[in-house]
Protein chains: 2
Amino acid sequence: MRAVLSYLGSALVSGRLLSMGVIQGAKERARAEVAGAIKDQARMQLAAEGAARLSLRAVARELGMVSSALYRYFPSRDDLLTALIVDAYDAIGEAAESAFVKAGAADPLHAWGGVCRAVRGWALAHPHEYALIYGSPVPGYAAPQDTVAPASRVALVLLAVAEAAHEAGALTEPDLPAADCDSVVAEEIRQLLEQPDRTLPAAVAPRLAAAWAQLFGLISFEVFGQFNQVIDDRDTLFEKTVVALAHQVGLRSTGSGAGT
Amino acid sequence: MRAVLSYLGSALVSGRLLSMGVIQGAKERARAEVAGAIKDQARMQLAAEGAARLSLRAVARELGMVSSALYRYFPSRDDLLTALIVDAYDAIGEAAESAFVKAGAADPLHAWGGVCRAVRGWALAHPHEYALIYGSPVPGYAAPQDTVAPASRVALVLLAVAEAAHEAGALTEPDLPAADCDSVVAEEIRQLLEQPDRTLPAAVAPRLAAAWAQLFGLISFEVFGQFNQVIDDRDTLFEKTVVALAHQVGLRSTGSGAGT
DNA sequence: TCTGAATGAGAGCAGTGCTCTCCTACTTGG
DNA sequence: CCAAGTAGGAGAGCACTGCTCTCATTCAGA
């Protein structure tokens, strides 16, 4: 459980707590409140119509102000979208984190399933916000640095699940040499895994990344309607696939080092 | 190889040949030519700027005509986008089909890998067109009936690979009862699999659908930049994951009914 | 109390999708 | 071979968009 706290701790500090500062003066508070109202209204339009139909003027109109006033808070439409993207990443990341905390690290397969279910649940409940972050990147929009930390929260939770499993002896080691994996994984991740309090073998990182992408592939097909007229019982398909992904990563039930 | 021909045949007839009619009169030909030029120009703008920045007026301007003239060919921007979507589905489907034909049905694992590689290759070469069909659905845009046949071509190829493997005795049967799978898969797919010349056990359909979604999840993460600063050697990761997916589907090397 | 910054209002610009009317050119029926 | 009908293009115009600029107001701190 140490890994849990450390991973989640770093995620929380880097992505969440620092963004909401201490209580400020009345003026700054009013400003933050208006900015929040703008974001809320924008989020409503996003949920109703999708990102491309999100209109600054409509948001301003709904809020009873004129469109130019909105530019005092967000310098452009892209910046407003970025704020919504960060919020969405934080929301789905928080769903994953709290699911992990709730499931506990005792049974890795149970934790893995809980996290995956939470992510899928959030995606199905917020399809347009999900599309905003995991669909096609917005045109001419390069993800600014503010989004990378929140964007990695779900992946860090999956990493924490694997590390907890490894510490409990419920993670099958990969058979391929670690040197092969080092060239696959990027420098940033290697540094993360080499930190002194990390215990996860670097060799599982590629499998984890693949499972991460595959998980979101499954969710995206469901959210984006690719399973229409193909798969009816998506719950069952998801559950079975999540178990397969856990096995692919190397997760086993606690106690039995090598299951079926 | 019978399965190959029959599957690909139905795909070709339904999706491709019917759309390009016989040689017509000069007038209709001129009309088709202009429509083609519009689509080409639109595709160029799509590749350069993305779907959301595709502008009818800009297309018309580039073609030296006025925007209203363009409405003689496409009744709305959405219809032009739909035409591009159909073309993109056909292109990626054709890439998959020809990869399958080239690989042959002798070695199922080889065929599976070839098809997956071809799909990934097309996606990386045409990221914006890929985003158009596998990214977030365009806002307020419900896929018209014209797109469902082309959209299913890649999936049909994967189905054909599995059926060829089954006929060669290189497909591991699922352990769960077929009744369970029947409720997962939609009516349309069940009817497809129950056709007299189909030999694929219905029980592998769910595994195939899951692998299908996971494959595109992996590709989407790569195309949409989710692997930036996470995975460097994406080729290796893809190859390894494709093998894992093949195993998940139940594909084995020819001759050995159940290998590791 | 005065100054300067923050905030909002309004006009305006260039661009968009789309519709309407008008005019030309061409195909086709007699 | 000619008249009629139609397909296609041109242009104006409408409502909307993101964004910028200027001008007035308000309000906090020196």
Side-chain angles (χ1 to χ4, degrees), chain A residues 21 23-39 41-46 48-85 132 138-142 144, chain B residues 21 23-46 48-85 132 137-142 144:
Chain A
I23 298 113
Q24 329 95 315
K27 195 153 189 178
E28 280 145 30
R29 215 149 109 183
R31 182 181 171 82
E33 202 152 317
V34 175
I38 292 172
K39 279 204 298 185
Q41 183 59 41
R43 207 181 343 263
M44 286 178 56
Q45 293 200 11
L46 175 69
E49 300 263 30
R53 301 228 167 154
L54 173 64
S55 151
L56 281 191
R57 291 183 112 111
V59 169
R61 209 179 302 130
E62 211 71 26
L63 258 51
M65 51 169 132
V66 87
S67 73
S68 59
L70 212 142
Y71 285 82
R72 304 284 180 188
Y73 298 89
F74 297 93
S76 81
R77 184 180 181 276
D78 273 5
D79 289 85
L80 177 56
L81 269 183
T82 302
L84 293 181
I85 287 174
L132 190 62
V138 176
Y141 172 84
Chain B
I23 298 113
Q24 328 96 315
K27 191 153 189 177
E28 278 146 31
R29 216 149 107 185
R31 181 182 172 83
E33 202 150 317
V34 176
I38 293 172
K39 277 205 298 185
D40 286 345
Q41 183 59 42
R43 208 183 340 265
M44 285 178 56
Q45 293 201 9
L46 175 69
E49 299 263 31
R53 301 230 167 152
L54 173 65
S55 149
L56 280 191
R57 292 182 110 112
V59 169
R61 210 179 301 132
E62 212 70 24
L63 258 54
M65 52 168 135
V66 87
S67 73
S68 59
L70 213 142
Y71 285 84
R72 304 280 181 190
Y73 298 89
F74 296 94
S76 80
R77 185 181 180 275
D78 272 6
D79 289 85
L80 178 56
L81 268 184
T82 302
L84 294 181
I85 287 174
L132 190 62
V138 177
Y141 173 84

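Being a predicted model, the structure only gives us computed values, none of them experimental. By convention in this document, chain letters (A, B, ...) are assigned in the order of the sequence lines, proteins followed by strands, and residues within each chain are numbered from 1.
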Subject >> A:Asp79 side chain to A:Thr82 side chain, donor-acceptor N/O pair below 3.5 angstrom >> reply: no
Original post:
Can you find an N or O donor on one side and an acceptor on the other, under 3.5 Å apart, linking the side chain of A:Arg72 with the base of C:dG8?
Top reply: yes
Original post:
Which part of the nucleic acid, if any, lies within reach of B:Leu70 when heavy atoms closer than 4.0 Å are counted: base, sugar-phosphate only, or nothing?
Top reply: nothing
Original post:
Hey, does B:Tyr73 reach any base, or is it just sugar-phosphate, or nothing, if we go heavy atoms under 4.0 Å?
Top reply: sugar-phosphate
Original post:
Starting at the 5' end of DNA chain D and moving along, which residue's nearest nucleotide shows up first, A:Pro75 or B:Ser67?
Top reply: B:Ser67
**OP:** With the side chain counted from C-beta on, respond yes when B:Leu54 and B:Leu84 share a heavy-atom pair under 4.5 Å apart, and no when they do not.
**Re:** yes
Original post:
Rounded to whole angstrom units, what separation is found between the CD atom of A:Glu62 and the P atom of D:dT17?
Top reply: 12 Å
**OP:** Select base, sugar-phosphate, or nothing to describe what A:Ser76 touches, counting heavy atoms under 4.0 Å on all strands.
**Re:** sugar-phosphate
Original post:
Taking atom types as they are modelled, is there a donor-acceptor pair under 3.5 Å from the base of D:dG11 to the side chain of B:Ser68?
Top reply: yes
Subject >> A:Arg31 side chain near C:dT7 phosphate (N/O to OP1/OP2, under 4.0 Å) >> reply: yes
**OP:** Return the value, rounded to whole Å, for the distance between atom OH of A:Tyr71 and atom P of D:dC21.
**Re:** 12 Å
**OP:** Whole angstrom is fine here: how far is it from CG in A:Asp78 over to C1' in D:dC19?
**Re:** 12 Å
Original post:
Tell me, do B:Met65 and B:Val34 make a side-chain contact under 4.5 Å, heavy atoms counted?
Top reply: yes
Subject >> Atom-to-atom span, CZ of A:Arg77 to P of C:dT16 - whole angstrom >> reply: 15 Å
Subject >> Check: A:Arg57 side chain, D:dG18 base, donor-acceptor under 3.5 Å >> reply: yes
**OP:** Nearest whole angstrom, please: distance from the C1' of D:dG8 to the CZ of B:Arg29.
**Re:** 19 Å
**OP:** Report the distance from atom CZ of A:Arg61 to atom P of D:dA15, rounded to the nearest whole Å.
**Re:** 13 Å
Subject >> Closest approach of B:Leu80 to B:Ala42 (non-hydrogen atoms, all atoms of both residues) >> reply: CD2-CB, 4.0 Å
